[in-house]
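Whatever order the structure lists them in is the order used to number ligands and atoms, beginning at 1.
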Amino acid sequence: MKKIVTILGARPQFVKAAVLSRVIKEHHQVEEVIIHTGQHFDANMSAVFFEEMEIPKPTYNLAINSLGHGAMTGQMLEKIETILIKEKPEAVVVYGDTNSTVAGSLAAKKLHIKVIHIEAGLRSFNMKMPEEVNRILTDRISDLLCCPTETAIKNLRNEGYENLPIKMERTGDIMKDAVAFYSKTSADKSSIISDLNLKENKFVLATIHRQENTDDVHKLKSIFAALEEINSACKVVLPLHPRTKKILEQQSIQPNITLINPVGYFAMLELLKNCKMVISDSGGLQKEAFFNKKYCIIAREETEWIELVENGFAEIVGSNQSKIVNAFNKYKTATIDFNIELYGNQVGESIHQSIVALLTK
Ligand code: UD1
């Protein structure tokens, strides 16, 4: 059986890997070995996803975290290389745009091991974002690019990828499968709605963790001031990322909204299903809002998921307090038809087929 090594490290990667690992197990055509870099390590940022989503236990956990970008990526590169030399896989699978993604792909490429990038071709066109750098580097050294959207394919074509010996497939967005699969049981598995005494359509779900927002106190204060203002009309619930928590504490910002610890996937799905609207700077949550037919206010200056904005399912407002509040007031009573196919179908199956085709070529 052909062997692949999957590199995981951060929360959104666990969600995506859960889908593909399940499909891989069902087909028995490929053996998967998982390396967890340790980038996210709190139980509620990591272990809870492996348990709830039944992701196979990683064979390796590198425990590399809480370092600057260079040290983190460098240490991962070194340790992953050692493991790849030992495991000798046919290919390495990486997800998204994190430091774990770029370290995994680079380690593999230098050993002439094929690289498969899932969620390829996304661009924010903002090179100050560490994620943009990671995804551009990873795409360029991959052998198979599994693209979630038509926009992603277009981005790659614009960068001349058609002239490179790299396979591009529009497989669709793997998070769509995750939402569809785990939504079936989330209400039985999580009691978060009753625990927090939330009422359907009567609260806003917010998350804020992007470096561009957390590392700029002015922006951070402005976003939280907007959330407080909205909270006076409609309860705002915000699962707090450890980075944001640290900075709020350092700056003595104590927002008057419902701050909760990071939640597992079932609880997140329940919050998404029941909320009125989403306000976020996360990439993944923008689409999860769409899959749950919820409008998303994007607290960033750009988005990789531009089709959401173009089709009227999300608006980019940045960190400006009044823009965030105005967007909430504009959309709180809007009726939007979410029935449009933007992100493919049976995405896990489609990625699995592309991987098998690459390995048997
Ligand atoms: C990373 C990814 C980003 C992704 C995000 C999802 C990079 C460059 N960024 O950002 O693309 O959207 O994950 O959440 O890889 N921390 C804890 N406990 C944890 C995890 C993190 O305390 O379980 C702390 C870290 O020590 C660090 C901070 O939170 O101080 C930020 O974590 P880091 O892994 O650097 O990046 P994220 O902001 O999570």
- Item | Donor-acceptor pair, side chain of Lys176 and main chain of Gly344, under 3.5 angstrom | yes
- Message: Under 4.0 Å from a heavy atom of Met72: which atoms of ligand 1 are those, numbered in the order shown and with their elements?
- Response: 35 (O)
- Item | Subset of ligand 1 atoms that lie under 4.0 Å from at least one heavy atom of His40 | 1 (C), 6 (C), 13 (O), 14 (O), 20 (C), 21 (C), 23 (O), 34 (O), 37 (P), 39 (O)
- Could you tell me whether Pro12 approaches ligand 1 through its side chain, its backbone, both or neither, with non-hydrogen atoms closer than 4.0 Å? side chain
- Donor-acceptor pair between Ser124 and Glu131 side chains, under 3.5 angstrom: no
- Query: Tell me: protein heavy atom nearest atom 26 (O) of ligand 1, and distance?
  - Reply: Ser66 OG, 2.9 Å
- Where's the contact between Gln211 and ligand 1, heavy-atom distance under 4.0 Å: side chain, backbone, both or neither? neither
- Apply side chain to side chain contact (heavy atoms under 4.5 Å, CB included) to the pair Gln75 and Leu67, showing each step before the final yes or no. CA-CA 10 Å; Gln75 288 190 18; Leu67 296 165; 3.7 Å; yes
- Message: So is Asp97 touching ligand 1 or not, going by heavy atoms under 4.0 Å?
- Response: yes
- Task: Give a yes or no on whether a salt bridge exists between Glu249 and Lys245, defined as a side-chain N under 4.0 angstrom from a carboxylate O.
- Result: yes
- Among non-hydrogen protein atoms, atom 4 (C) of ligand 1 lies closest to His209 NE2, 4.0 Å
- Regarding Ser46 and His36, is there a side-chain donor-to-acceptor distance under 3.5 Å anywhere? yes
- Query: Does the N or O separation between Thr98 and ligand 1 drop below 3.5 Å for any pair?
  - Reply: no
- Could you see which bit of Arg243 sits under 4.0 Å from ligand 1, with heavy atoms only: side chain, backbone, both or neither? both
- Note on the structure: closest protein heavy atom to atom 27 (C) of ligand 1 is Lys246 NZ, 3.9 Å
- Message: Considering non-hydrogen atoms of the protein only, which is the closest contact for atom 33 (P) of ligand 1, and what is the distance?
- Response: Gln39 NE2, 4.0 Å
- Query: Backbone, side chain, both or neither: what part of Glu131 comes under 4.0 angstrom of ligand 1, heavy atoms only?
  - Reply: side chain
- Message: What I want to find out is whether Lys110 reaches Glu81 closely enough, with some N-O distance under 4.0 Å, to be called a salt bridge.
- Response: no
- Query: Within the structure, does Asn134 bring an N/O atom to less than 3.5 angstrom of an N/O atom in ligand 1?
  - Reply: no
- Query: Which of the numbered atoms in ligand 1 are below 4.0 angstrom from a heavy atom of Ala10?
  - Reply: 13 (O)
- Using a strict cut-off of 4.0 Å, indicate which atoms of ligand 1 neighbour a heavy atom of Phe41. 16 (N), 17 (C), 18 (N), 19 (C), 20 (C), 21 (C), 22 (O), 23 (O), 26 (O)
- Run the contact test for His241 against ligand 1 with a 4.0 Å cut-off on heavy atoms, strictly below, and give the result. yes
- Query: Does an N or O from His69, backbone or side chain, lie closer than 3.5 Å to an N or O of ligand 1?
  - Reply: no
- Query: What protein heavy atom sits nearest atom 22 (O) of ligand 1, and how far away is it?
  - Reply: Pro242 CB, 3.2 Å
- Item | Check: Thr303/Gln286 side-chain N/O donor and acceptor closer than 3.5 Å | yes
- Query: Is any side-chain N of the basic residue among Lys3 and Glu87 closer than 4.0 Å to the acidic one's carboxylate O?
  - Reply: yes
- Who's the nearest protein heavy-atom neighbour of atom 18 (N) of ligand 1, and how far? Asp42 OD2, 2.9 Å
- Under the side chain to side chain contact (heavy atoms under 4.5 Å, CB included) rule, what do Lys332 and Asn201 come out as? Steps first, then yes or no, please. CA-CA 10 Å; Lys332 67 182 176 194; Asn201 213 23; over 6 Å; no
- Query: According to a 4.5 Å side-chain heavy-atom criterion applied to Ile, Leu, Val, Met, Phe, Trp and Tyr, with indirect links allowed, do Val347 and Phe338 form part of one hydrophobic cluster?
  - Reply: yes
- Tightest non-hydrogen contact, residues Gly9 and Phe14, listed as O-CZ, 3.4 Å
- Task: Examine the side chains of Thr101 and Asp97 and answer whether a donor and an acceptor come within less than 3.5 Å of each other.
- Result: no
